Amino acid sequence: MDIRPILSTLMRHKTAASLIVIEIALTCAIICNALFMISDRIREVREVSGLVEDELVRVQILSIGNDADQAARTRTDLVNLRGIPGVKDATVINQVPFVNSSWNSGVRLQQEQQQSTLSATTYMAEEQFVETLGLKLVAGRDFNADEYRDAADLLDGTATDDSIPATIITRSMADKLFPGEDAVGKSFYSWGDKPIRVIGVVEHLVRPSQMGGPSAREYSMIFPLRPHYNLGGNYVVRTSPERRAEVLEAARKVLQANGADRIILEDNSKTIEELRHEFFQAPRAMAWLLGIVCVVLLLVTALGIIGLASFWVQQRTKQIGVRRALGATRGQILRYFQTENFLLASIGIAIGMLLAFAINQLLMGKYEMARLPLFYLPAGAVLLWLLGQLAVYAPARRAASIPPAVATRSV
């Protein structure tokens, strides 16, 4: 189809055509960034934690006074928890994933290094840590029995040897510290000036908090330091998915029976899946909000195209009749309006892509958002082209159905 008549017509309706171009450009810019932000939030919500989440419950306990025998009581707690019917295993740790705080430490590759290579979170583990959480070792081994120490001795300075005998780190952390190399057997520095040797690598283990952003979510290291219940107060119990509620209630009773000077933090004692759901409530709500904004924006744009197309059909009734009288078919009239819309949409999309990059640069500077991937631009363009064609179809079809006699009656 010759587009020169279409361009000539558009030049005579500059104001209306400009409004549609601006509307499509703004929609394109916003939609591209909104789709990127939605996908980013969805990826965040669906992150792999490394835990067998559907089998774990967490009970958080807090001592009311000073407990001089907290290490021994912790061992008793674990024996009692593991004896609950339906419990596969239990452990005590200083922190759990999907909370808003974490134990973090700088990690250096060289002792004299002034600036940390990265900041990692530290999990203190007793003998059943890996088995209880269901972590998957992809290299190396678990800790040996002689590598475990009591965390309290190290933290209060009473330990004769303050070194960390070994560590297990995540694959993400291993790739960052030792890119392209086998991390097992390598050493790094953290918690002092003595090297810590890597003896194992787990596939996934997320940081409890959002510190460091998405790229640092799996910078986690596990130290063979047995924590007592007052170091975070987190007991994690593993059971079958259908028995979680039953086991959680039984765990509360078992821990309460082992001393009246401790309280169960009921609001924090729940399944790991519940902790995850609450932790990602904000990004999930943001994804829904952005989705609604996209739908409303597309609807407004579609209504604008329909309104303008309907107005132009009414204004060009005689012109359409003349073309029909001269032999133009209904299909040609239909394609005329669709081509016209395609040209306007293309101009608007081209401008919108530039605006999309400008908005993304602003978001990167103010909110540390990632760079907009290029494939969102053609995705947004295709969406708007389809929207434009669907929106203009009804008015164009109505124009094509006008009989020549009716259209030219007053000519």
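Residues: numbered from 1 along the sequence shown. Side chains are part of it too, since the values below use all heavy atoms of this structure and drop only hydrogens, waters and symmetry mates. The shown structure was predicted, so the numbers you read here are calculated from the model rather than taken from an experiment.
Residues Arg171 and Glu218 are not paired through a salt bridge, judged by the lack of any N-O separation under 4.0 Å between the basic side chain and the carboxylate. Ion pair Glu249/Arg252 flagged as a salt bridge, since at least one NZ, NE, NH1 or NH2 atom sits closer than 4.0 Å to an Asp/Glu carboxylate oxygen. Taking the charged nitrogens against the carboxylate oxygens, Glu44 and Arg217 have no contact shorter than 4.0 Å, which rules out a salt bridge. Between Arg82 and Asp77, no side-chain nitrogen of the basic residue sits less than 4.0 Å from a carboxylate oxygen of the acidic one, so the salt-bridge criterion is not met. Salt bridge Asp69/Arg75: absent, no basic N to carboxylate O contact under 4.0 Å. Between Arg238 and Asp89, no side-chain nitrogen of the basic residue sits less than 4.0 Å from a carboxylate oxygen of the acidic one, so the salt-bridge criterion is not met.
For the 3.5 Å distance criterion, the side chains of Thr27 and Thr301 qualify, holding a donor opposite an acceptor. There is a side-chain donor-acceptor pair under 3.5 Å between Ser39 and Tyr376. At a cut-off of 3.5 Å, with distance as the only test, a side-chain donor of Asn230 or Gln70 sits close to an acceptor on the other residue. In this model, a donor atom of one side chain and an acceptor atom of the other lie less than 3.5 Å apart for Gln113 and Thr117. A side-chain donor-acceptor contact under 3.5 Å links His277 and Arg284. Side-chain atoms of Asn268 and Arg58 include no donor-acceptor pair closer than 3.5 Å. Thr121 and Gln95 form a side-chain donor-acceptor contact under 3.5 Å, judged by distance and modelled atom types alone.
For Asp267, the CG atom is loosely surrounded, since the number of other residues' heavy atoms within 6.0 Å does not exceed 12.
With a 6.0 Å cutoff to the six-membered ring centre and a 45° limit on the axis angle, Arg262 counts as a cation-pi contact of Tyr229.
The aromatic rings of Trp191 and Phe223 sit perpendicular, their planes meeting at an angle over 60°, well past the 30° parallel limit.
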